[in-house]
Structures are given as C-alpha cells and as structure tokens.
Peer 1: 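My questions all concern the structure below.
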Amino acid sequence: MTTTLDQTPAAPTASVLAPVGWFRRHRAVLLIGTALVAATAAALVGRGAPEYSGALDPSNSHAGGARAVARVLGHQGIEVDVVRSAAALGRARIDRDTTVVVTSTWALGTRTADRVASTDAGEVVLVDPEIGVPTLFGQDEGARARVASPVSARCSDPRFDGLTLRVDQATSYSTGSSGCFPVGGRATVQPVGNGFVLLGAGDILANDQILRSDNAAVALRLLGQHDRLVWYVPDPDDNTVGDGLGIGPLLPRWLHPGLWLAGVAVLALVLWRGRRLGPLVREPLPVVVTAIEATRSRGRLYRKANDRAHAAESLRRAARSRIAHQLRLGRRADADPETLARDVADAGGLDLDRVHRLLVGQGPGPQTDKELTHLANDLAELIREVRRS
Amino acid sequence: MALTGRVPLLLLLGIVPVVLSPSLATMWLWVLVVIVTTGLDWWLAPRPGALELVRSAGVKVRLGEPAATTLSASYPTGRRFRGILRDAWQPTAGARDNRHRIAMVAGDRARFSTPLEPVRRGDLMAVGVTVRSVGPLGLAARQRTREVTGSIRALPPFGSRKHLPSRLARLRELDGRSAVRVRGQGTEFDSLREYVRGDDVRSIDWRASARNRSVVVRTWQPERDRRVVLVLDTSRTSAGRVADVPRLDSAMDAALLLAALASRAGDRVDFLAGDRRVRSRLRLTGTDVVGPLQDAMSGLTPIIAEADWSVLAGALAGLGRQRALVVLLTPLEPSAIEEGLLPVLPTLVRHHRVVLASVKDPALEEMTSARETVDEVYGAAAAEQVLAQRRRTAGVLRALGVDIVDADAERLPPALADHYLSLKARGLL
C-alpha cells in the first residue's frame with residue numbers, strides 16, 4: 001500500500017519532459033542493444049582470415065601448434081606439402097620417397113584412414129592416434145599417462161641413437177622389440193609395419209616443447225627421413241555418417257564458449273536470488289513447557305523402575321476414593337479399605353472376594369506388566385459397575 | 001550491492017556474438033562488458049540513505065486483532081529513486097505484506113503502511129528497514145538496512161469478555177433484588193418498596209407495612225466499596241501450557257473478567273504480579289480498569305524460577321491494610337504450593353478472604369482413563385498419584401480457609417466471576 005503525497009512536477013513541465021522521458025524509459029534497452037551490436041561487430045571483424053588453431057597444426061604459430069617444426073623442415077630442404085582434406089591428399093604427389101605425417105588423428109574416419117593406408121608413402125607417421133586408430137594396426141588402444149622424466153630411445157633404430165625426449169604426457173603402446181622411447185615398458189614411438197609409425201609423444205612437435213631435451217632432433221629425424229613431407233590434417237567434414245568417428249567434431253563450435261557463458265549466467269542467477277532483502281530476524285523465544293509433561297515423565301519413570309507395586313497401589317487408592325465418593329461414604333472409607341470393600345460389595349450386590357481382591361489386594365501385588373494392565377482395567381470396570389448399580 | 005534478474009538475462013544474450021564468433025575470447029569479452037555495465041549501474045543508483053524515514057507512533061492492540069504501522073518517507077534531493085523497501089518486524093508481530101515498491105523523484109513524500117497481526121502477547125519490535133535502490137538500467141542495486149525504531153504492544157486478548165454481560169446482569173439482579181437471600185453481615189439496607197408476589201416473606205418490614213396501606217418489603221443492596229486484590233503468579237508453574245496456551249494467559253483472562261466485574265460492582269481493584277520479585281503493581285481507580293490492567297499484563301512472561309510468596313505477601317500488605325478479597329492466580333501444583341505458598345497463607349487468611357484460582361489440565365483426567373497399553377497404565381498410575389496429591393493439597397488449603405476455584409482454562413474466568421458474585425451475594429467480602 002503506497003500513497004504518494006505530493007507529486008511535484010505539474011502538467012506543463014511534464015509535456016516538455018516527454019521526449020526526455022522516452023529516452024529515459026528505454027535507456028536500458030538502447031544501451032543493451034548498442035552493446036550487443038558493438039560486440040557482434042567486434043566479433044565479426046576479429047574473425048578475419050581463417051586461423052588454423054588446431055593442436056599440432058603446421059600453420060598454427062601458437063604454443064600448441066607445430067609451425068616451428070614445419071618451417072625448420074622446409075629450411076632443411078625438405079619439401080613440405082600441407083593438405084587439409086581427403087581430396088587434397090588424393091591429389092598430392094606421394095611416392096616411396098615421401099613421408100606422410102597425420103596430425104589431428106581424432107578426425108580420421110574409416111574412409112580417410114583407408115585412404116592414408118593406401119598411399120605409396122615411404123613412411124606414414126600417425127601423431128597421437130586416438131581411439132580406434134591403433135587397433136587398425138593390431139595395437140592396443142594405448143594409454144595416456146603422465147611422463148615424469150626424460151625418456152631415452154633404448155631401441156635398435158639407428159635414427160634415435162643416444163637421443164632423449166621430454167614431454168609431460170604421452171600415449172604408450174605395448175611394444176614388441178621394435179618400439180622406441182619406452183615409458184614404463186611401453187613404447188611411445190611404435191613402428192607397426194608397412195612403414196607405419198605411431199607417435200604417442202606428439203607433443204615433441206609442439207612449438208613450445210620442441211626445444212626441450214632432444215625433442216627437435218627426434219622430430220626432424222622422424223619426419224625428415226625422405227625428401228618430401230606431406231602433412232595431412234584430416235578434416236572432420238570429409239567423413240560421412242557411416243564412418244566411425246567421435247561425437248566431438250559433430251558438435252557446433254560455439255557450444256564450448258556457449259556452455260561457459262551459461263555457467264557464468266547461472267552464477268549471476270545465484271548471486272541475484274541469493275541476496276536477501278535485509279538480514280534474518282530473530283525472535284526471542286518464549287518458554288514452552290507442556291503442563292502435563294511432568295506427569296507423563298513420572299509415568300515413564302515408574303515403568304523404567306518397574307515399580308508395579310507403587311503403580312498398583314496408586315490405582316487402587318484412586319479407585320477407592322472414587323467409589324467412596326460415588327457411594328457418598330465420606331472420608332472414613334479412605335482410611336479403612338477393608339470396610340470400604342465390604343460396603344461396596346453390599347451396595348452393588350457384587351462378589352466380595354473380587355471387590356476385596358481389586359480394591360485391597362492380597363499378596364505381593366502384580367508381578368508382570370500384563371497383570372498390572374489387567375488390574376487397571378478391572379478397577380475401571382468395577383468403578384463403572386458401581387456407578388450403574 | 002545486489003543484482004537483478006536482468007544480469008543473467010543479459011549474460012545469456014551473449015550467445016548471439018558467441019554463435020557468430022565461436023571462441024572463448026568472445027565469451028569473456030561479453031562477460032566483461034556485462035560486468036562493467038552492471039558496475040556502472042550500481043554506481044549510478046541513488047544511495048538508500050538519501051531516503052528519510054520516520055515511523056508512526058507505537059500502537060496498542062488486543063492480541064489477534066489487526067493493526068498497522070506506517071513509515072513516512074521523504075526524498076529531498078537526488079536522482080529518480082526506484083527500488084524496494086522491507087519493513088522487518090519480529091515474526092510474531094505478523095507483518096505479512098511488509099515489502100513496498102518505491103518510485104520517487106526529488107521532493108516526493110510517500111507513506112508505506114504495513115499491516116500487523118500479532119500472535120504473541122507483549123511488546124513486539126520492529127527490527128530494521130532495508131532499502132534497496134535500483135540503478136537507472138535496472139541491473140544492479142544498492143542496499144542498506146537501518147534501524148527505524150518501532151514497536152507494537154499486543155495486549156492480552158480478554159477472550160472472556162463474552163461472559164461479562166451475563167455476569168453484569170446477575171450483578172444487577174443482586175442489586176435490585178428485594179432481599180439478598182441470606183441477610184448476612186455487610187448487606188446494606190437500601191430502601192423500601194411495595195411487596196410483589198415472589199418476594200421473600202422474611203424481608204417484609206412489618207413496621208413500615210403497619211404505617212402503610214400495602215405490604216412493604218425492605219430492599220438491600222450488595223455491599224460496595226470493598227477491595228479486590230488480584231495476585232498473578234508468573235513463576236515457573238505458570239509457564240506450563242494447557243492445550244498450547246500458557247496457564248499465565250488463562251489466568252490473565254480470568255483476572256481481567258473479575259476486575260471488570262468488580263469495578264462495575266463498585267469495588268476497588270488492585271493488581272499485583274510477580275515471581276521472585278514484584279513485576280507489576282497497580283492500583284486501579286475509576287470504572288475503566290480493563291485498559292490499564294491489559295497494559296500492565298502485556299509485558300509479563302513466565303520465568304524459570306520458583307515464586308517467592310513472602311515477597312508477594314509483603315507487596316500485598318503494602319497495598320493497604322483494609323480487608324480484601326485476595327485472589328491468588330496460581331496453578332494448584334502440590335510441591336510449589338506446599339513449599340512456597342503455605343508458610344505465608346495463615347497470616348494472609350487472618351487478614352483477608354483468600355481465593356485460589358487455578359487452571360486445571362483436562363489432559364490429567366484423560367490420562368487416568370486411558371489404560372490400553374502398558375505405558376498408558378503406568379501413565380494412569382502417575383496421573384492418579386498427581387491427582388491425589390492435588391486433592392490433598394486442596395484439602396489442606398480449604399482447612400486453612402482458602403476457597404479454591406479449579407477449572408479448565410475455558411471455564412476458569414466465569415467460574416471465578418461466579419464465585420465472586422456468590423461471595424458478594426452472601427456478603428462475605
């Protein structure tokens with residue numbers, strides 16, 4: 001309930017202010033709209049020429065790219081030919097004196113993998129082959145693991161004599177005798193026959209790792225074996241539905257940043273809903289005691305102590321006092337239960353033995369809870385009988 | 001600082017640039033834009049302190065009846081003020097619709113009225129006023145809580161008011177009746193009037209009849225200008241709840257009815273409340289005794305301590321030496337009565353007529369008759385034991401000359417009023 005007492009602006013000023021009011025009212029929408037347009041424009045302009053941002057891409061100059069090694073191979077007089085689609089791979093000149101290196105092997109489908117396998121290349125190097133690819137060559141899937149220390153070649157291949165490589169993570173394969181650079185008994189460079197080599201430690205090609213230890217030497221010797229190098233970066237778009245392929249390449253590119261954005265929005269949602277309008281209010285609580293609680297506890301105490309004699313006596317005394325009151329026998333009856341029992345039996349025409357047993361009791365009293373319950377109910381029944389008579 | 005729902009929405013809107021240029025950089029750029037805009041909006045929001053708030057004076061209301069409190073706001077200078085205001089009260093004050101929208105420009109005044117419906121007796125406090133002022137873009141808000149003192153006094157409800165008319169009618173009957181049935185000491189001669197059928201023949205004034213042509217009877221009026229002292233026990237035994245109402249509240253109800261009745265009957269009413277010390281002492285004059293009495297009772301709460309009856313008896317003596325009807329409103333709890341009250345009773349009974357009004361717990365009777373399970377049987381035995389003790393204590397008190405009115409919470413006020421009327425009719429005050 002809100003009442004505004006005096007609105008200061010009078011009618012004429014209001015009409016003058018009208019256009020300003022419109023801007024004022026839609027200021028938020030305008031500002032947000034402008035920001036959105038600006039951000040979109042910036043994003044579009046920033047896109048520019050296609051940037052190859054893939055890991056170990058020969059044109060990627062970032063830390064994870066492999067432009068350095070591609071350039072150095074070029075300077076060494078090796079003809080480096082980068083192909084980015086299955087069609088281009090088909091057109092490329094590949095003969096016995098050619099090395100084919102395949103990065104982004106996750107994008108290989110069965111069809112593109114077959115095409116790589118059917119070339120006449122002198123050697124084919126598969127970099128960090130992922131799920132599915134090693135099994136094509138009769139290898140196990142390989143295990144990605146952390147590598148703690150430099151790895152020395154320890155194999156018969158003369159190219160790697162005395163070299164050590166140093167990477168943080170590598171995929172290793174169960175080796176026969178031919179594997180090189182073993183990590184924990186499993187090779188990270190694994191020739192698999194027909195000139196195919198699986199390179200588990202693909203990171204040695206990365207721009208930021210190439211200078212560690214003998215990584216550069218290993219990379220150059222592995223890729224610079226022949227005069228020509230065809231660097232094949234498979235394109236996920238070359239695959240058709242039937243080709244076995246992970247789900248990653250099929251997802252839209254904006255999904256990852258979109259999820260991040262949604263996450264930030266949820267955080268903002270939490271901050272919005274989580275802010276209370278003022279602190280919680282404390283109530284000075286009153287004393288809450290149920291009046292009957294003391295009596296209930298006393299009952300529980302009797303039960304816990306198994307004080308049947310006491311409970312029975314209490315029930316009997318109450319019954320005597322009630323019956324005496326009903327028969328208007330007065331206080332005298334309280335004092336002498338024996339007389340009362342006789343009076344009650346006489347007055348109600350009841351069995352004296354039963355009345356005496358109930359009201360006065362004989363012997364040690366009830367021995368079990370069951371007996372006590374019977375006694376309690378019999379007493380209640382007796383009171384009802386006396387009332388009726 | 002507080003955000004509004006527009007911030008997450010604005011962030012989600014960033015999906016447009018992210019789709020057009022899918023990279024994390026775009027996303028973070030958008031987030032940065034939103035953060036900067038929100039910060040700017042927060043900076044532009046007017047300060048909550050610029051709103052001047054004054055609360056209306058505290059009110060008194062009978063428990064269970066609605067009331068309201070009003071905040072008068074003025075906004076002398078500044079940017080357009082939009083936002084929300086929360087007038088927080090302690091929960092038992094029952095401030096339900098305590099959030100108010102604010103839309104003010106410089107120079108405006110507004111009133112924010114919060115309905116209150118107290119559910120607990122006593123002084124209930126306003127805790128603080130939180131003002132949230134939203135920025136011009138509606139993205140962020142400044143928020144501040146400040147103290148604007150306020151209170152509402154919830155008086156005892158006096159639910160037994162409904163019994164008052166019938167008891168007043170009986171009082172009038174008593175007043176105008178040809179004669180009080182028992183012409184006891186203290187009934188005062190009022191006037192003579194003609195005999196009508198139904199009058200007690202014993203009240204015929206033969207002397208006056210001889211001088212007259214018709215038979216004349218004497219009329220009597222009940223004694224007036226007596227003193228009634230209500231002593232309310234606020235010790236631990238009064239905290240016990242019977243059907244979720246503290247015994248103290250039921251006792252207050254009974255005291256209010258008796259005070260209203262006694263003041264109409266021309267008696268003077270004094271009120272005393274206490275436990276280990278005297279909490280309230282009141283001498284009531286005039287016919288409106290209910291208002292001041294409710295006021296005095298509203299702040300009383302039971303404490304967890306035994307009553308010190310010698311202190312209360314001393315305070316009672318301090319109220320006057322005239323013989324009075326002393327009504328002790330305390331539960332008939334054997335141990336508390338025997339240890340605390342019994343020692344002071346003989347002196348009290350010698351000087352005054354003493355009535356003990358106690359709230360009975362019907363659950364006790366119910367416990368004695370439930371004998372199905374073993375637990376219930378032991379409970380019945382315990383209840384019988386307690387009842388026997390109560391009877392014994394009541395017997396001791398009666399032997400001392402104390403009248404005992406022991407009734408359910410609902411029936412205690414009329415029972416006490418009836419007892420008072422019967423004492424008055426018999427001229428025993």
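In what follows, chains carry the letters A, B, and so on, assigned in the order in which the sequence lines appear, proteins first and then strands, with residues in each chain numbered from 1. Everything numeric here is computed off the predicted structure, so don't read it as measured data.
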Peer 1: Under a 3.5 Å distance rule, please check whether B/Gln143 uses its side chain to pair with a backbone N or O of A/Arg276 as donor and acceptor.
Peer 2: yes

Peer 1: Tell me, side chain or backbone of A/Arg282 under 4.5 Å from chain B's heavy atoms, or both, or neither?
Peer 2: backbone

Peer 1: Under 4.5 Å from any heavy atom of chain B, what part of A/Leu285 do you find: side chain, backbone, both or neither?
Peer 2: backbone

Peer 1: Counting C-beta onward and ignoring hydrogens, is there a side-chain heavy-atom pair between A/Pro257 and B/Thr26 closer than 4.5 Å?
Peer 2: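 Heavy-atom side-chain distance check fails, nothing below 4.5 Å.
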
Peer 1: Without swapping roles, check the side chain of A/Ser314 against the backbone of B/Ala381 for a donor-acceptor pair under 3.5 Å.
Peer 2: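 Such a contact is found between A/Ser314 side chain and B/Ala381 backbone.
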
Peer 1: Nearest 0.5 Å, please: how far is CG in B/Asp244 from OG1 in A/Thr290?
Peer 2: 7.5 Å

Peer 1: Could B/Glu384 and A/Arg322 be called an ion pair, given the rule that one side-chain N must be under 4.0 Å from one carboxylate O?
Peer 2: yes

Peer 1: Tell me if a side-chain donor or acceptor on B/Arg371 pairs with a main-chain N or O of A/Ala376 at a distance below 3.5 Å.
Peer 2: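 At least one qualifying donor-acceptor pair exists.
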
Peer 1: If you count the non-hydrogen atoms of other residues, nucleotides and ligands that lie under 6.0 Å from CD in B/Glu372, is the total more than 12?
Peer 2: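 No, not enclosed.
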
Peer 1: Less than 4.5 Å to any heavy atom of chain B: does that hold for the side chain of A/Val270, its backbone, both, or neither?
Peer 2: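 For A/Val270, neither part sits under 4.5 Å from chain B.
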
Peer 1: Does the side-chain contact (heavy atoms from CB on, under 4.5 Å) test come out yes or no for A/Leu261 and B/Val31, once each step is laid out?
Peer 2: CA-CA 8 Å; A/Leu261 190 69; B/Val31 170; 4.1 Å; yes

Peer 1: Are B/Tyr378 and A/Asp307 linked by a side-chain donor-acceptor pair shorter than 3.5 Å?
Peer 2: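 Note: B/Tyr378 and A/Asp307 side chains miss the donor-acceptor criterion.
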
Peer 1: Tell me whether A/Arg275 contacts the main-chain N or O of B/Met1 through its side chain, where contact means a donor paired with an acceptor under 3.5 Å.
Peer 2: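 At least one qualifying donor-acceptor pair exists.
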
